[in-house]
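Comments concern the structure below.
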Amino acid sequence: MAGQRAMAARQPSESTQVFSLAMKEQLSRLINQALDTLADQGILSDDLARRIQIDRTRDPSHGDLASNIALTLAKSAGRNPRELAALICEALPAAPFLARTEIAGPGFINFFLSEASSQGVIRDILEQREAYGTSTAGQGRQVQVEYVSANPTGPLHVGHGRGAAVGDCICRLLEATGWAVTREFYYNDAGQQINNLALSVQARCKGLQPDDPEWPQDGYRGDYIGDVAQAYLRGDRVDASDQHVSGSADPDNLDDIRRFAVAYLRREQDLDLQAFAVHFDNYFLESSLYADGEVAATVERLVSRGHTYEQDGALWLRTTDFGDDKDRVMRKRDGGYTYFLPDVAYHLNKWQRGFERVINEQGADHHSTVTRVRAGLQALECGIPAGWPDYVLHQMVTVMRDGEEVKLSKRAGSYVTLRDLIDEVGRDATRYFLAARAANSQLTFDINLALSQSNDNPVYYIQYAHARACSVMRRLAEQGWQWHAETALQQLDGLEEEHEKALLRQLARYPEVVTAAATASEPHGVATYLRELAADFHTWYNAHKMLVEEPSLRNARVALCEAVRQVVANGLGLLGVSAPETM
RNA sequence: GCGCCUGUAGCUCAGUUGGAUAGAGCAGUAGCCUUCUAAGCUAUUGGUCGGGGGUUCGAAUCCUCCCAGGCGCGCCA
């Protein structure tokens with residue numbers, strides 16, 4: 001966490017942004033100038049739509065950066081792409097960071113950076129340290145991220161774990177790109193499920209077992225219910241993140257049991273999240289929406305805007321006016337509200353708190369609420385944009401061990417708990433595996449793979465790269481060799497090996513990876529990148545000795561090594577995975 | 001039946017928002033440790049990108065129709 005704060009506090013200085021995002025920016029300007037020149041010469045018309053796209057190349061033989069500008073303009077310019085590319089290259093002003101250009105394939109322009117320019121990324125990294133890769137794109141704007149939001153009816157399961165990992169990584173990415181993030185956990189402490197929980201605990205208090213015929217309908221059957229009952233009967237005091245409750249030990253006081261059970265399970269979940277290194281700024285209780293009259297106020301407003309009607313004794317909202325496939329009941333025949341209404345009230349509350357951007361991370365099994373909540377917010381007619389809020393939905397997690405699906409946890413009664421997973425494979429591996437895949441594809445969590453200590457296992461593979469780099473620095477000191485960054489930065493021209501050039505390219509890409517992952521709310525991009533960076537590092541490490549006798553080459557290689565270490569640490573930090581100095 | 005998501009090597013997955021010859025890891029095969037950590041590296045095998053049609057200079061990526069799987073379709077949350 002300290003690292004995160006340091007990261008947020010430290011702004012990248014202007015002079016050091018030259019080699020990452022700004023490189024594309026500069027190139028884009030040069031191309032624009034070239035197009036101006038061609039327009040002046042009457043070769044191109046002035047009014048061409050110029051959408052200048054610059055990509056990093058996949059293949060080093062294609063240079064460092066490439067543009068398809070000649071391909072996209074060819075048709076409207078009435079020239080063939082390669083010919084146009086040649087004209088653009090000719091008109092391109094000279095720039096110190098560019099070594100040469102080349103026309104390739106159907107008409108791509110490939111740009112080769114000068115060596116000094118490529119090597120400059122090391123200076124960027126060693127000067128910016130934790131801040132390398134961060135940006136101020138968010139301009140300090142407020143964003144709220146809601147995730148996990150498990151109801152306090154049992155331990156967190158793997159699915160919650162995926163939400164916790166993805167949601168937390170999104171928050172870290174947003175912080176790294178200049179947003180002011182509020183992390184929020186919403187839970188239902190008011191509905192029927194909580195009542196079932198209370199009845200289940202009460203049944204245990206009275207000596208019933210889940211298999212008994214008198215066991216409550218829809219009761220919870222896991223062993224943890226017994227733990228709650230025992231604690232309640234002992235009169236234990238429970239301290240959860242947002243509440244403190246003592247059990248009265250009276251098995252007939254259902255309200256007391258309810259309060260106690262909720263607090264108890266909230267504390268359990270707190271411990272699960274703590275073990276997972278996930279924290280929240282705010283816990284929001286559904287019950288507070290009723291207590292503060294916000295649910296009633298929401299109903300009133302929806303009615304007054306004319307989007308409701310009565311039918312069959314219930315109050316309906318005409319959500320079909322806002323894209324839903326059927327209208328929804330707000331108030332049931334028995335006078336109670338459906339879950340959907342507090343959801344709308346809650347999101348209105350978020351809007352009123354000033355969050356222009358809100359991201360909800362949820363399991364995809366709740367995807368039907370997306371349209372519904374947005375429709376409800378539109379019906380309020382209070383200026384909320386149509387697509388608000390954003391949603392990130394994650395698909396189901398299947399846990400495998402020894403080639404077979406793991407389905408049961410004795411403690412929880414049915415599902416694999418997050419705690420089981422952390423206890424078995426550790427926090428780092430659990431976080432990595434749950435965040436390293438695109439959220440909207442189903443995930444297979446292979447326990448054997450997560451446990452393996454070899455390059456089967458990407459977590460250790462990446463961490464090992466960091467530990468190796470640290471080891472080099474320790475060896476350097478043991479040898480009594482002096483190393484000063486400022487001196488080394490003057491000697492970078494010794495980095496001529498292909499493996500070194502590959503690393504430089506990889507390092508330069510990092511800020512774009514972070515920006516892209518943050519913009520798309522896709523943390524797995526960082527994980528993929530780190531795997532590649534680690535691979536390039538290990539390859540280099542095996543091919544060349546860093547601590548060579550010759551001082552200037554040694555200095556340059558140590559600088560590169562240190563730069564890689566820094567970026568690996570930064571990337572792992574975004575994933576909430578530790579960067580060990582030894583392994 | 002309707003809606004959302006997914007389909008890429010035997011397995012688990014990437015694929016820079018439409019770019020160049022589709023990439024990793026595992027599994028398989030053959031190699032590398034008196035030298036900075038072998039939790040590593042090197043070489044190699046493996047593809048109708050679910051299928052058909054379309055859009056254009058160019059499609060794994062966009063449109064459309066099929067096929068298969070997951071999730072959701074409640075006056076439960």
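Source: prediction; values computed, not measured.
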Applying a 3.5 Å limit to both distances, which nucleotide forms a Watson-Crick or G-U wobble pair with [N]?
N	result
B/C73	B/G1
B/U16	none
B/U34	none
B/C49	none

Check: protein-nucleotides 57-61 of chain B nitrogen or oxygen pairs below 3.5 Å:
residue : atom : partner : partner atom : Å
B/C57   : OP1  : A/Lys75 : NZ           : 3.0
B/C57   : OP2  : A/Lys75 : NZ           : 3.2

Can A/Phe108 be said to stack with the base of B/A20, given centres closer than 5.5 angstrom and planes under 30 degrees apart? yes

Step-by-step side chain to side chain contact (heavy atoms under 4.5 Å, CB included) determination, A/Thr177 to A/Thr519: CA-CA 9 Å; A/Thr177 48; A/Thr519 304; over 6 Å; no

Indicate the ring-plane relationship of A/Phe445 and A/Phe433, choosing parallel, tilted or perpendicular according to the 30° and 60° boundaries. tilted

Please work out whether the ring planes of A/Tyr309 and A/Trp316 are parallel, tilted or perpendicular, with thresholds of 30° and 60°. parallel

Do the charged groups of [X] and [Y] touch, with an N to O distance under 4.0 Å?
X	Y	value
A/Arg100	A/Glu102	yes
A/Asp334	A/Arg331	no
A/Glu532	A/Arg509	yes
A/Glu500	A/Arg557	yes

Within the structure, does a side-chain N or O atom of [X] lie under 4.0 Å from either OP1 or OP2 of [N]?
X	N	value
A/Tyr529	B/A24	no
A/Lys326	B/C2	no
A/His524	B/G15	yes

I'd like to know if the side chain of A/Arg372 reaches the main chain of A/Phe340, judged simply by a donor and an acceptor atom lying under 3.5 Å from each other, with no hydrogens or angles considered. no

As a test of the definition: with a 90° window around 0 for syn, would you call B/U17 syn or anti? syn

Assign B/C26 to syn or anti; the rule is syn for a glycosidic angle within 90° of 0 and anti otherwise. anti

Using a distance-only criterion (donor-acceptor N/O pair, under 3.5 Å, no hydrogens), is the base of B/A20 paired with the side chain of A/Asn110? yes

Judged by nearest nucleotide, the residue sitting upstream toward the 5' end of RNA chain B, A/Tyr337 or A/Ala436, is A/Ala436

Establish, yes or no, whether a centroid distance under 6.0 Å links the rings of A/Tyr391 and A/His367. no

Report the nucleotide, chosen from B/C75, B/U37, B/C41, that has the shortest atom-to-atom distance to any side-chain atom of A/Tyr461. B/C41

In B/S/- notation, 5' to 3', how is nucleotides 3-10 of chain B contacted by protein heavy atoms closer than 4.0 Å? BSSS----

